[in-house]
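These notes concern the structure reproduced below.
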Amino acid sequence: MDASGKFVLPLSGIPYLAKDVFCEKGVPTTACSNLLRDKDYLPPFDSTTTKRLKAAGAISFGKANTDEFTMGASTETSCFGVTHNPWDTDRVAGGSSGGSAAAVSADECLFALGTDTGGSIRQPASFCSCTGIKVSYGRTSRFGVMSMASSLDTIGTLAKTVEDAALILQVIAGQDPLDGTTSPAPVSDYSAALLKPVKGMKVGLPKEYFIEGMNPEVEKAVREAAKVYESLGATIVDVSMPHTKYAIATYYVIVPSEVSSNMSRYDGIRYGHTVSHPENLLDYYERVRSEGFGPEVKRRIMIGTYALSAGYYDAYYRKAQKVRTLVKQDFEEAFENVDVLLSPVAPTPAFKIGAHTGDPLQMYLEDVFTCPINLSGMCGLAIPCGFSSENLPIGMQLIGPQFREDLLFQFGHAFQKETDWHGRKPGL
Ligand code: GLN
C-alpha cells in the first residue's frame with residue numbers, strides 16, 4: 001500500500017497454489033513422483049513465474065497435485081494419489097493440472113499455476129468449470145519449471161474468470177533472460193483488451209474439431225456458444241484444418257522423444273531417490289529409475305528412446321516434425337480469414353476415476369482438440385460453456401494466433417459478460 005492507502009502491487013495478498021513442478025526456493029517440489037518425493041527435493045532457487053508473482057504481491061501457500069512429471073490427462077498417476085473432481089467426486093479432475101483445477105473450482109484458492117504441453121491446463125479447466133489460459137510458446141518463462149517436452153511446454157494459469165486470468169498473465173508474461181525461448185515481442189495490455197467489443201469480428205468453427213463419436217452434449221454447448229458470439233455481432237465462419245487428424249500421432253512421437261531426453265537428468269546422483277548397496281553404477285541407475293518412476297513415465301522414456309535411436313529417427317522423429325509444420329500451417333491459413341477459432345476442449349465431460357487407467361491410448365485421445373495448439377505454438381483459452389445432463393461442466397476452447405492472448409481475453413470476457421456458466425459452484 002502506498003501513502004494514500006492505495007494498493008500498488010497488482011496481486012497484493014492474493015493466495016494461489018503452484019502445480020508441483022514450479023520450483024520455489026526451499027519448498028519441497030516433487031513433480032508428484034517418488035523419484036523426487038523420496039528425499040523431498042528442495043529447490044535452491046525460484047522459478048521466474050513464482051518470483052514475478054511474489055514481486056506482484058501474490059502469496060503462494062502450497063503445491064497442487066499433478067500427474068507424475070505432468071504426463072497424463074487425469075491426475076491419476078501422482079505418487080500422492082488421485083485428485084477428485086469437485087463436481088462429482090467419483091470422477092477425475094482432468095490432467096495433468098488437475099490439482100490446480102480442482103482447487104480453483106472448490107474455492108481453495110483464487111488461482112493456481114499450471115503447465116500445458118498438450119492440454120494440461122485447458123482440459124482440467126474444462127472438467128472442473130474453470131477458466132484456463134494456455135499461452136503461445138515463448139510468451140511465459142519456463143525457467144525453474146520441471147520440463148516434460150521442452151518444445152511444447154508452456155506456463156499458464158487456471159482462474160475463476162477471464163478477467164482474473166488476464167490480470168495474472170499480465171504479471172507473469174514477457175521475456176526472461178533466464179529462458180532463451182521466451183519472446184522479446186511486447187506484452188499487450190490485457191485489461192484493455194477485455195473492454196473491446198467483438199462486433200464485426202470473425203470466429204472460425206473448424207469442422208475437424210466436431211467429430212463423430214464426441215459427446216453430443218459437448219457439441220451442442222459449443223455450438224450454442226457460437227450463437228452467443230453471433231448475437232454480439234461477430235460472424236461465424238466454417239473452416240477446415242485438414243491435418244488435425246495427424247496431431248495426436250505426431251504429438252505422441254515428439255513428446256516421448258523429448259521426455260526421454262529430459263528425464264535423463266534424474267539419475268539419483270545429484271538429487272532424488274537413492275538406493276543402497278548397488279553392485280555397480282549401472283545397477284545403481286537401473287534401481288533408482290525403476291523404483292523412482294511410475295509406469296507412464298517409463299512408457300514414454302522407452303517410446304522416446306526408440307523413436308530417437310539411429311535407424312528410427314528419420315522414420316519417426318523427423319517425420320513427426322514435418323507433420324508438425326503442416327499442423328502449424330493449418331492454423332496460419334485459418335487465421336488469414338478469422339480472428340479466433342472456437343472448438344470443444346475435450347470430446348467428453350469428466351470421466352470416471354479408473355475408466356482409462358488400463359488403456360493409455362484412450363487416455364491419449366483426451367488431447368485430440370488441445371495438442372494441435374501446442375504443436376503449432378498458438379494460444380488457447382478454455383472457458384465454461386455449459387453442463388451435461390449429469391451436471392458435469394463442459395468447456396469450450398478459443399484459439400488465437402501466436403502472441404494474441406489479448407484476442408482470447410477479448411472474446412472470452414465478452415462471453416462471460418453474457419453467460420453465467422463460470423459463476424456456478426460445485427455443491428460440495
Ligand atoms: N495429456 C497430455 C499428455 O499426457 C498433456 C499433458 C500436459 O499438457 N502436460 O501428454
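Just follow the structure's listing: the first ligand is 1, and inside any ligand the first atom is 1. FYI, the numbering just counts along the sequence from 1. Keep in mind that what you see is a predicted model, and the values were worked out from it rather than measured.
- Every atom of ligand 1 with a heavy atom of D367 under 4.0 Å away is listed here by number and element: 1 (N), 2 (C), 3 (C).
- Atom 4 (O) of ligand 1 has its closest protein heavy atom at R300 NH2, 2.7 Å.
- An N or O contact shorter than 3.5 Å is missing between K19 and ligand 1 by distance.
- Checked against a 3.5 angstrom limit, the closest N/O atoms of G72 and ligand 1 fall inside it.
- The pair D116-R122 meets the salt-bridge criterion, since a charged nitrogen lies less than 4.0 angstrom from a carboxylate oxygen.
- With respect to atom 10 (O) of ligand 1, the closest heavy atom belonging to the protein is Y251 OH, 2.7 Å.
- The contact set between ligand 1 and M148, taken as ligand atoms under 4.0 Å from a residue heavy atom, comprises 6 (C), 7 (C), 9 (N), 10 (O).
- For atom 3 (C) of ligand 1, the closest non-hydrogen atom on the protein side is Y252 OH, 3.2 Å.
- Counting protein heavy atoms only, atom 9 (N) of ligand 1 is closest to S120 OG, 2.7 Å.
- Of all atoms in ligand 1, listed by their number and element, those nearer than 4.0 Å to a heavy atom of S96 are 9 (N).
- A salt bridge links K160 with D107: the distance from a Lys NZ or Arg NE/NH1/NH2 to an Asp or Glu carboxylate oxygen falls below 4.0 Å.
- A salt bridge is absent between E217 and K220: the closest approach of a Lys/Arg side-chain nitrogen to an acidic carboxylate oxygen does not fall below 4.0 angstrom.
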